[in-house]
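Just so it is clear, the values below take in all heavy atoms, side chains as well, and ignore hydrogens, waters and symmetry mates.
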Amino acid sequence: MRNLKVLGVMALMGLGAVAGVFGARTYERSQCAMRAESAAQQAESTSDALRRGAEQWAQSLARNEGEAILRSFVAGLAPVVLAGRESSVDVAGASLLRLEGVRGVTILQADGKVRYASDAKLTVSDAGSDQTRWALTATDFMARDGLRAGVTEMSMPVTDRGTVLAIVWLAYDSDHSREQFRPELLSSRQTVEPARP
């Protein structure tokens, strides 16, 4: 009987040890699962922040590219305007339209008279008069969101010794350029399958 009690106690101790090991493993697994979930949330948060930062960077580069195009064009246009060569102004405006991302160009005299317009409808429509009024306020480079989504309107005067000779309005497709500057994994042309758990 005594042996039976000892055996019973040993059996209970063995079951207790097994239960303790099983309980410890269960606890360890739950802790691992919580740490993994926390790490996944942190990774998603970091990924979102990186994605937002990359989008802002791409947008900034696209807008700067449009500004650089306009500034270069205005610098090259000044001698043409000073010389009074109307046909050269037309050629310059048409050439600017050939650049990727440029969607529209209007060259105005300081009094608002149109010297060149890539879209003649804008010279007689309400959108054209709004665009013209806005462009004529430019004392230096300025930009605003255009009427069409993803298009940035820019305006800048052509000056000579402080005198405004002309004003250039440019419609620039910043969405198109942003696609070029966007990191490949964030490109809208690239589809990335989400990781499966």
**Request:** Using modelled atom types only, decide if a donor and an acceptor are shared between the side chain of Thr159 and the backbone of Val164 within a distance under 3.5 Å.
**Result:**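 No, Thr159 side chain to Val164 backbone: no donor-acceptor pair under 3.5 Å.
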**Prompt:** Do side-chain atoms of Ser118 reach the backbone of Gly104 as a donor and acceptor pair under 3.5 angstrom?
**Reply:**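 Side chain of Ser118 to backbone of Gly104: no pair is present.
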**Message:** Hydrophobic clusters here meaning ILVMFWY residues chained together by side-chain heavy-atom distances under 4.5 Å, can you tell me if Leu99 and Phe73 are in one?
**Reply:**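 In one cluster with Leu99: Phe73, yes.
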**Request:** Treating Ile, Leu, Val, Met, Phe, Trp and Tyr as nodes and any side-chain heavy-atom pair under 4.5 angstrom as an edge, say whether Val91 and Leu96 lie in one connected cluster.
**Result:**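 The answer is no; the residues belong to distinct hydrophobic clusters.
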**Request:** List the steps and the verdict of side-chain contact (heavy atoms from CB on, under 4.5 Å) for Val114 and Trp169.
**Result:** CA-CA 11 Å; Val114 177; Trp169 172 87; over 6 Å; no
**Item:** Partner residues of Leu82 under the side chain to side chain contact (heavy atoms under 4.5 Å, CB included) criterion, sequence neighbours left out
**Value:**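 Expected list: Asp160, Leu165.
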**Message:** Under the rule for side chain to side chain contact (heavy atoms under 4.5 Å, CB included), what residues qualify as partners of Val74, not counting sequence neighbours?
**Reply:**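 Here the qualifying residues are Leu70, Met156, Val158, Val168.
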**Request:** Using a 4.5 Å cut-off on heavy atoms from C-beta on, say whether the side chain of Val151 contacts that of Tyr172.
**Result:**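 Not touching, per the 4.5 Å side-chain cut-off.
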Give me the atom names and distance for the closest heavy-atom approach of [X] to [Y].
{"X": "Ala135", "Y": "Leu108", "value": "CB-CD1, 4.0 Å"}
{"X": "Leu97", "Y": "Tyr116", "value": "CD1-OH, 3.5 Å"}
{"X": "Val105", "Y": "Gly93", "value": "CG2-O, 4.4 Å"}
{"X": "Pro79", "Y": "Gly76", "value": "CD-O, 3.4 Å"}
{"X": "Ala166", "Y": "Ile107", "value": "CB-CG2, 4.3 Å"}

**Message:** Enumerate the side-chain hydrogen bond (donor to acceptor under 3.5 Å, both in side chains) contacts for residues 67-82, please, sequence neighbours excluded, ordered by first and then second residue.
**Reply:**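 Listed once each, the pairs are Glu67-Arg71.
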Quick one: pull up [atom1] in [X] and [atom2] in [Y] and give me the separation to the nearest 0.5 Å.
{"X": "Arg115", "Y": "Thr106", "atom1": "CZ", "atom2": "OG1", "answer": "13.5 Å"}
{"X": "Ile69", "Y": "Met154", "atom1": "CD1", "atom2": "CE", "answer": "8.0 Å"}
{"X": "Glu153", "Y": "Arg148", "atom1": "CD", "atom2": "CZ", "answer": "9.0 Å"}
{"X": "Arg144", "Y": "Thr152", "atom1": "CZ", "atom2": "OG1", "answer": "11.0 Å"}
{"X": "Ile167", "Y": "Thr139", "atom1": "CD1", "atom2": "OG1", "answer": "9.0 Å"}
{"X": "Phe141", "Y": "Leu170", "atom1": "CZ", "atom2": "CG", "answer": "8.5 Å"}

